[in-house]
Amino acid sequence: MSNADQNPTGQTSIDTTACGTRGEQVMQEQLGTAFRADRFYTRQMCTRLNAAMIEFVARRELMFVGTSAADGSCDVSMRAGPPGFVHVFSEELIGYPEYQGNGVLASLGNIVENPHVGIFMADFVDELIGLHVNGTASIVVDDDVRAAHPDLPVERLRGRRAERWVLVDVEEAYIHCRKHIPQMVPADRVREWGADNPARKGGDHFGVAAERGFAH
């Protein structure tokens, strides 16, 4: 991006005037936080992943992706998989697989209209730290991704094969502080990735279908 330059130390510096949306800048001015924001941009905002971020992503089993349609309506979805299911193709490109779901395709539908996405990953167990990755997404079928990246690992989990990928060109990458990240303890469980049994997928947990007169 144009707001990143190399300083004499070899580190990437940021043109803070190009950071954030106009809305962010307006609120920073109103609330008097522009100095703090500029300091954060200068010290923490990256336009690509550094080595520590790449290593962090490689260990993640969970992420959240935010998308919005052309009219501004939004959706936040969770994605999960074995460590490394979010693949780092380069410092400037990450991708994650999309599998058969409920058929709604809310995230993909939004990306078709508006390719800007926000991804959040966190370590809730050990490091208690988060990573934001914002960028521009494209939807690519699995065969095309593997043709371009033949070293991509082949998933061995039964009933779990990617139909397509979301590839994200990294535009912003930055830390999320640990202050309010809860510490969690992982619990052993058997995941039946290919299961189509409604009960195993949560069934009518919130009772919506029952309220509308549908039998279990």
Side-chain angles (χ1 to χ4, degrees), residues 1-2 4 46-51 53-123 130-174 189-203:
M1 292 178 62
S2 59
C46 299
T47 57
R48 66 190 66 190
L49 303 180
N50 66 15
M53 292 174 178
I54 291 172
E55 193 275 334
F56 182 84
V57 172
R59 292 185 284 109
R60 301 281 63 81
E61 300 178 64
L62 173 70
M63 74 168 199
F64 302 90
V65 55
T67 59
S68 66
D71 65 0
S73 56
C74 300
D75 179 80
V76 176
S77 295
M78 186 192 80
R79 296 291 184 272
F85 84 100
V86 183
H87 191 78
V88 180
F89 295 95
S90 72
E91 296 174 335
E92 299 173 324
L93 180 67
I94 67 172
Y96 61 90
E98 284 281 353
Y99 304 98
Q100 178 182 349
N102 59 14
V104 175
L105 304 177
S107 297
L108 296 183
N110 283 347
I111 291 171
V112 168
E113 296 188 20
N114 175 5
H116 300 290
V117 301
I119 292 173
F120 177 67
M121 293 169 272
D123 184 334
L131 175 67
H132 294 266
V133 179
N134 300 326
T136 302
S138 58
I139 303 169
V140 185
V141 297
D142 183 66
D143 288 344
D144 289 349
V145 174
R146 294 186 183 278
H149 303 277
D151 295 332
L152 195 65
V154 177
E155 293 187 270
R156 304 296 183 185
L157 296 175
R158 180 184 176 189
R160 189 171 172 88
R161 183 182 185 280
E163 297 180 345
R164 57 192 57 82
W165 288 70
V166 173
L167 304 184
V168 180
D169 291 309
V170 178
E171 296 173 358
E172 295 179 336
Y174 55 93
R189 60 174 292 196
V190 176
R191 300 192 186 195
E192 299 186 46
W193 294 109
D196 241 355
N197 184 310
R200 291 176 180 172
K201 295 192 294 183

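The first residue of the sequence shown is numbered 1, and numbering continues consecutively from there.
- Heavy atoms only, all atoms of each residue included: Asn110 and Ser73 are closest at ND2-O, 4.3 Å.
- Of the inter-residue distances, the one linking Met53 atom CE with Tyr174 atom OH reads 10.5 Å to the nearest 0.5 angstrom.
- Heavy-atom minimum distance, Val76 versus Phe64: CG1-CB, 4.4 Å.
- Separating the CG atom in Asp169 from the OG1 atom in Thr47 is a distance of 12.0 Å, to the nearest 0.5 Å.
- When all heavy atoms of Leu167 and Gly95 are compared, the pair lying nearest together is CD2-CA, 4.0 Å.
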Test Val57 against Tyr96 for side chain to side chain contact (heavy atoms under 4.5 Å, CB included), laying out the working first.
CA-CA 11 Å; Val57 172; Tyr96 61 90; over 6 Å; no

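- A donor-acceptor pair under 3.5 Å is absent between the side-chain atoms of Glu113 and the main chain of Ala69, judged by distance alone.
- Atom CZ of residue Arg60 and atom CG of residue Leu131 lie 9.0 Å apart, to the nearest 0.5 angstrom.
- Distance CD1/Ile94 to CE/Met63: 7.0 Å, rounded to 0.5 Å.
- Looking only at side-chain heavy atoms (C-beta outward), His116 and Thr136 come within less than 4.5 Å of each other.
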Evaluate the side chain to side chain contact (heavy atoms under 4.5 Å, CB included) criterion for residues Asn114 and Thr67: first the C-alpha distance (whole Å), next the side-chain angles of each, then the deciding distance (0.1 Å), finally the verdict.
CA-CA 8 Å; Asn114 175 5; Thr67 59; over 6 Å; no

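- With salt bridges taken as basic N to acidic carboxylate O contacts below 4.0 Å, one links Glu92 and Arg48.
- Atom-to-atom distance recorded for Leu62:CG and Met121:CE is 10.0 Å, nearest 0.5 angstrom.
- Leu49 contributes atom CG, which lies 7.5 Å from atom CD of Glu91 (distance to the nearest 0.5 angstrom).
- Heavy atoms only, all atoms of each residue included: Arg146 and Leu152 are closest at NH1-O, 3.4 Å.
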Asp123 and Arg59: CA distance, side-chain angles, deciding distance, side chain to side chain contact (heavy atoms under 4.5 Å, CB included) verdict:
CA-CA 9 Å; Asp123 184 334; Arg59 292 185 284 109; 4.0 Å; yes

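- Taking both residues in full, the closest heavy atoms of Pro97 and Phe85 are given as CD-O, 3.2 Å, listed atom of the first, atom of the second, then distance.
- Of all heavy-atom pairs between Ile119 and Asn134, the closest is N-OD1, 4.0 Å.
- Aromatic ring orientation, Trp165 versus His87: perpendicular (interplanar angle above 60°, classes split at 30° and 60°).
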Side chain to side chain contact (heavy atoms under 4.5 Å, CB included) assessment of Glu98 paired with Ile139
CA-CA 9 Å; Glu98 284 281 353; Ile139 303 169; over 6 Å; no

